[in-house]
Amino acid sequence: GKARVVVIGGGFGGATAARTLKALQPTLDVTLVEPNPIYTSCPFSNAVLANLREIDQQQFRYDGLKGAGVTVAQTSATAVDAEAKTVALADGNRLSYDRLVMSPGIDFNWGAIAGYDEAAAQKMPHAWKAGAQTVLLRRQLQAMEDGGLVVMSAPANPFRCPPGPYERASLIAYWLKIWKPKSKLLLLDAKDAFSKQRLFQNGWAELYPGMIEWVPLSQGGKVTSVDPATLTLTTEFGSHKAAVANVIPPQKAGAIAAQAGVADRTGWCPVEPVAFESTLRPNIHVLGDAAIMGGMPKSAFAANAQAKVCAAALVRLLAGEKPQEPILINTCYSLLAADYGISIAGVYRPDKGQLADVPGAGGVSPLVAVGGLRGQEALYASSWFHTIVAETFG
Ligand code: FAD
């Protein structure tokens, strides 16, 4: 009969994989399992916090995938049986597969920060899965008095979207400067360095002098506990009381990955670097944030690129052929203001069982921008977003 591929998770990795599989091999039987009828994109959700976008501009349906011949099962995967090659669904059905693709994104390590659990996230939103959390954080910012202290906490590596916390700090400052100019933002960080650091810090000095204070690990940046009742964040060095608190907790692969036996002790999923097949369970391919992808960061750009590579490899594997060695690209744009963008790009290829950085390829925006480059990069960021959501959701 027809070869069957099941895809768990309809985000940037999973939806792209399903669409690409159907495009490359229309006779394949492709089922996407995703509980939400509407996907809310994290990329550009920091602009929602700054009132530059509305949340519905972040939302996409699965009609494009259905139109492309993908069967969409609107439910959760609850268990994977790697031996029987089946996926149990929350709606009671069970799907058989020849190959399984998993792109379940992240879950949070609740309790890694004492006091930060799901209930605390209603008071101190993470907004690291876009949607209701994004809207909650925006509402809290809007309700804050001018002069209030916004406290953010960023996790140690690895985590979803390495430049994301710093883009968020920038865009919150952008909004504060206009609407609550006496306010300040304290960014407590569980590490001593971050993505595009000099570009961000130079931009903050230029655009928001004195507004953003970044506290690295070595100066007491690591938040060890929180008290949601008083919006207090406690570090190894002392406590900070916030008017608005945004806690971005440590993360791991989406829970179904551990259930399926494809996550290791780190909480993330090791894969080989050609078809992204799990090194722990055969015939299961893991994409995007959930996977350990060597030098590649956890980004929507990366998940989309990995999904296209994986789909092409699966078509070959299902035909009994060997997949081709891929070369992958990632670019992460960040906005520091509505018209101020920066980027980092990398190129990756398999090397010694991992996806390794190709030396000399890629790079970051220049530290000194001439000829309106920052404005241009903000436009590139917006073009990138429109392209990626069109590729992913149709
Ligand atoms: P996701 O997109 O999270 O998709 C996972 C899907 O799996 C979800 O729809 C979920 O419902 C589903 N799922 C989970 N468990 C199950 C289950 N058991 N059964 C069925 N379905 C399940 N990246 C960029 O490239 N550029 C950016 O500018 C950018 N900005 C960002 C800004 C912020 C604030 C944040 C938080 C992230 C940003 N990212 C950005 C990162 C990007 O959002 C992620 O890297 C990307 O979403 C990863 O795709 P994914 O497919 O791995 O996971």
Side-chain angles (χ1 to χ4, degrees), residues 6-18 31-49 58 60 62 72-80 87-91 95 101-107 125-131 133-134 137 152 154-155 158-169 171-172 195 246 248 251 253-260 268-269 276 286-291 293 296-307 310 330-335 341-345 380-382 384-385 387-389 392-393:
V6 172
V7 180
I8 297 177
F12 285 101
T16 304
T31 302
L32 175 70
V33 182
E34 166 61 55
N36 301 307
I38 297 174
Y39 179 80
T40 306
S41 164
C42 285
F44 273 68
S45 68
N46 287 331
V48 175
L49 299 176
Q58 298 294 113
F60 304 90
Y62 293 97
V72 178
Q74 199 202 308
T75 182
S76 297
T78 53
V80 174
V87 180
L89 305 181
D91 67 8
L95 301 172
V101 176
M102 300 183 68
S103 192
I106 57 156
D107 268 317
H126 53 76
W128 221 242
K129 290 187 182 186
Q133 280 274 306
T134 317
L137 181 55
M152 287 181 63
F159 66 100
R160 156 174 287 180
C161 196
Y166 315 96
E167 177 188 69
R168 174 171 293 174
L171 289 181
I172 290 177
S195 176
N246 168 215
I248 304 167
Q251 298 148 34
I256 189 69
Q259 191 288 324
W268 306 102
C269 305
F276 314 128
V286 189
L287 305 176
D289 289 0
M293 287 285 180
M296 265 193 126
K298 299 186 187 303
S299 76
F301 192 120
N304 171 268
Q306 292 154 11
C310 181
N330 176 68
T331 306
C332 284
Y333 293 99
S334 302
L335 295 177
I342 58 175
S343 63
I344 181 166
Y380 297 160
S382 159
W384 168 79
F385 182 72
T387 303
I388 198 121
V389 297
T392 305
F393 299 102

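Read the numbers this way: they start at 1 and go in the same order the structure lists the ligands and their atoms.
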Checking [X] side chain against [Y] main chain: does a donor-acceptor pair fall under 3.5 Å?
X: W384; Y: Y333; value: no
X: T392; Y: V389; value: no
X: K129; Y: D107; value: no
X: K298; Y: D289; value: yes
X: E34; Y: V72; value: no
X: T78; Y: A88; value: yes
X: T75; Y: D91; value: yes
X: Q251; Y: P158; value: no
X: N304; Y: G13; value: no

- Does even one non-hydrogen atom of G164 get within less than 4.0 Å of ligand 1?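 The answer is no: ligand 1 sits nowhere under 4.0 Å from a heavy atom of G164.
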
- Message: When you measure from the heavy atoms of W384 to every atom of ligand 1, does any distance fall below 4.0 Å?
- Response: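 Within the 4.0 Å threshold, so yes.
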
Around [atom], find the nearest protein heavy atom and jot down its residue, atom name and distance.
atom: atom 2 (O) of ligand 1; result: Y39 OH, 2.5 Å
atom: atom 18 (N) of ligand 1; result: A77 O, 3.0 Å
atom: atom 7 (O) of ligand 1; result: G9 CA, 3.2 Å
atom: atom 28 (O) of ligand 1; result: Y333 O, 3.8 Å
atom: atom 45 (O) of ligand 1; result: D289 OD1, 2.7 Å
atom: atom 37 (C) of ligand 1; result: C42 CB, 3.3 Å
atom: atom 20 (C) of ligand 1; result: V33 O, 3.4 Å
atom: atom 15 (N) of ligand 1; result: P104 CB, 3.9 Å

Could you say whether the N/O atoms of [X] and ligand 1 ever approach to under 3.5 Å?
X: G13; result: yes
X: F301; result: yes
X: N46; result: no

Counting from 1, what ligand 1 atoms have a heavy atom of [X] closer than 4.0 Å?
X: C161; answer: 29 (C), 30 (N), 31 (C), 37 (C), 38 (C), 39 (N), 40 (C), 41 (C)
X: G288; answer: 52 (O)
X: R168; answer: 34 (C)
X: S45; answer: 34 (C)
X: I8; answer: 17 (C), 19 (N), 20 (C)
X: K298; answer: 45 (O)
X: N36; answer: 11 (O)
X: S103; answer: 4 (O), 5 (C), 6 (C), 7 (O), 50 (P), 51 (O), 52 (O)

- Query: Parallel, tilted or perpendicular for F393 and F12, by the 30°/60° rule?
  - Reply: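 Perpendicular, since the angle between the ring planes exceeds 60°.
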
Where the closest heavy atom to [atom] is concerned, which of [options] has it?
atom: atom 3 (O) of ligand 1; options: E34, R160, K129; answer: R160
atom: atom 46 (C) of ligand 1; options: A300, A47, A291, A290; answer: A300
atom: atom 29 (C) of ligand 1; options: A15, S343, P43, A253; answer: P43

- Begin from the C-alpha positions of F60 and S41 and carry the test side-chain contact (heavy atoms from CB on, under 4.5 Å) through to its verdict. CA-CA 8 Å; F60 304 90; S41 164; 4.1 Å; yes

- Task: Begin from the C-alpha positions of L137 and R168 and carry the test side-chain contact (heavy atoms from CB on, under 4.5 Å) through to its verdict.
- Result: CA-CA 11 Å; L137 181 55; R168 174 171 293 174; 4.1 Å; yes

- Message: I need the contact type for F385 against ligand 1. Using non-hydrogen atoms and a strict under-4.0 Å cut-off, is it side chain, backbone, both or neither?
- Response: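 None of F385 does.
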
- For ligand 1, the portion of A303 having any non-hydrogen atom under 4.0 Å away: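 Near ligand 1, A303 shows its side chain, while the N, CA, C and O stay back.
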
- Item | Worked verdict on L287 versus T16 for side-chain contact (heavy atoms from CB on, under 4.5 Å) | CA-CA 10 Å; L287 305 176; T16 304; over 6 Å; no

- Message: Could you walk me through whether Q58 and F385 satisfy the side-chain contact (heavy atoms from CB on, under 4.5 Å) test, starting with their C-alpha distance in whole Å, then the side-chain angles of each, then the deciding distance to 0.1 Å, before giving a yes or no?
- Response: CA-CA 10 Å; Q58 298 294 113; F385 182 72; 4.2 Å; yes

- Query: With a 4.5 Å heavy-atom cut-off, do N46 and L335 have their side chains touching?
  - Reply: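 No, side chains not in contact.
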
